[in-house]
2 protein chains.
Amino acid sequence: MQPEPTANRPQTRIQRRNRQAILDAALDVFSQHGFRGATLDQIAEVAGLSKPNLLYYFPSKEAIHEQLLTGLLDIWLDPLRKLDPKGDPLREILAYVHRKLELSRDYPRESRLFANEILQGASRIERVLATVLRDLVDRKARVLMRWMEEGRIAALPPHHLIFSIWALTQHYADFDVQVRAVLGPGHDPYAEADAFLETLFRRLLAI
Amino acid sequence: MQPEPTANRPQTRIQRRNRQAILDAALDVFSQHGFRGATLDQIAEVAGLSKPNLLYYFPSKEAIHEQLLTGLLDIWLDPLRKLDPKGDPLREILAYVHRKLELSRDYPRESRLFANEILQGASRIERVLATVLRDLVDRKARVLMRWMEEGRIAALPPHHLIFSIWALTQHYADFDVQVRAVLGPGHDPYAEADAFLETLFRRLLAI
DNA sequence: CGCGACTTTGACCGGAAGGTCAAACGCCAA
DNA sequence: TTGGCGTTTGACCTTCCGGTCAAAGTCGCG
């Protein structure tokens, strides 16, 4: 019998291992070629399974992709959720930038999967963007606004401030090839970026 | 007889029109799905031509893609080339940011095509990145360095300064869907971005 | 008008893609 | 040890994809 994909019922060792291997391989392939450019054969090969075997664990290519995206979103938004309204404004924002850059460094495939999805129209996650993401951003934007009104950080359009953090941190994962090609060897892009972005946001937010 | 793709020999009206229609349609499709995700059938349909007709003007899918990329690179690097070593530092950099944002606004498909290409490993343009692009960036980085040493703008790692301009401006084209989903209706992302980025770079570069 | 060059297309090819299925395999509890 | 359930796979189906080709259509110039 085919295992239920979403159910949390007890999974066998083998199921856990294979489902994980498939998702990992799919992350490789989807993040490199986008949904349409990815093929089940390639995912199966990377996962070390046969294609029918792969389709024993997931009902379709779409299902694998969807599972990856939903699994990803939580990790991805976690740093923003952690931004604490009661903390010190500058420290909180810099910590957010730092955590976001860490995500880019440690989960570049996830970043590229997400970028690919948005780039290609986001049809599979548009609803989530307009609801979950938008609500979260609006909530945090209000926190930023309050800090600005209290004169604790510089007054700026809060949404665009958040966009700038996303853009600057994700750039190092999504455009990794370009960054390394331009910098040449002998550089640690992420270490340099960490210092640079700290300077940037310190200056931007200073009163 | 098949028309030579690259030659500048006199083209008939029809050739010019159809080649342009194909490149335009291909830009649509490639920028939305990446190279592997795009299909000739789809390009042909968008261009309003039959597939064999399309292959009468271009020898292959690759050839269309390559033509787009090479045509794109010049437009894309032009604003950076225009950065004038003899101009006023702050004014020059802000003008660069402004022009780059204009490109994102006016040529979002080109931006996404480029992003797709980098994201998917840039195998087709890696050499150009490591030579043409790198040389240009190094040259301009030296100009920035000189300005910094002369105390005319704040001292920062020049390459990362350039990356930040790319990241912040291209974000509004590449992640357009997300930006609009988060902002909701009643916003003009590019106008707001223009003002925000001017503030950002003014503060970042101030002595 | 007529003719040669340019343009367009329907039919087709081999291979790759997503997905199905029945049969075979293997693990483990009774 | 064996029966049964979970797992794996070879063969196959249909559709799609990049690309070819010969034949038909059209354009413009003398």
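Computed from a predicted model, the values in this text were never measured in an experiment. Side chains are part of it too, since the values below use all heavy atoms of this structure and drop only hydrogens, waters and symmetry mates. Here is the naming used below: chain letters follow the sequence lines, and residue numbers restart at 1 for every chain.
Proximity of A:Asn18 to the phosphate of D:dG6: no side-chain N or O atom is located under 4.0 Å from OP1 or OP2. For the OP1/OP2 pair of C:dT8 and a distance below 4.0 Å, the side-chain nitrogens and oxygens of B:Tyr56 include no atom meeting the criterion.
Taking atom CG of A:Leu54 as the reference point, atom C1' of C:dA17 lies 14 Å away to the nearest angstrom. Computed from coordinates, the A:Leu49 CG to D:dT9 P distance equals 7 Å when rounded to whole Å. Between the CZ atom of B:Arg36 and the P atom of C:dA16 there is a distance of 12 Å, given to the nearest Å.
Within the nucleic acid shown, B:Ala44 has no heavy atom closer than 4.0 Å to any nucleic acid atom.
Comment: B:Arg139 does not engage B:Asp135 in a salt bridge, judged by the lack of any side-chain N to carboxylate O separation of less than 4.0 angstrom.
Nearest nucleotide to the side chain of A:Leu40, out of D:dT8, C:dG19, C:dA11: C:dG19. Distance from the side chain of B:Gln15 is smallest to C:dT7 among D:dT8, C:dT7, D:dG6. Checking C:dT8, D:dT7, D:dT9 against every side-chain atom of A:Ile14, the shortest atom distance belongs to D:dT7. Of the listed nucleotides (C:dT7, D:dG10, C:dA11), C:dT7 has the atom at the smallest distance from the side chain of B:Tyr57. Side-chain atoms of B:Lys61 lie closest to D:dG18 of the nucleotides C:dG18, D:dG18, D:dT7. Across C:dA17, D:dT8, D:dT20, the shortest atom-to-atom separation from the side chain of A:Asp41 is found for C:dA17.
Between A:Asp174 and A:Phe114, every side-chain heavy-atom pair lies at or beyond the 4.5 Å cut-off. Between B:Leu90 and B:Arg202, some side-chain heavy-atom pair lies under the 4.5 Å cut-off.
Between A:Tyr172 and B:His160, a ring centre-to-centre spacing shorter than 6.0 Å is recorded.
The number of heavy-atom neighbours closer than 6.0 Å to OH of A:Tyr107, taken from other residues, nucleotides and ligands shown, is 12 or below.
Judged by distance alone with a 3.5 Å cut-off, a donor-acceptor contact links the side chain of B:Lys51 to the base of D:dG18.
If you find the closest nucleotide of DNA chain D to B:Ala38 and to A:Asn53, the one lying nearer the 5' end belongs to A:Asn53.
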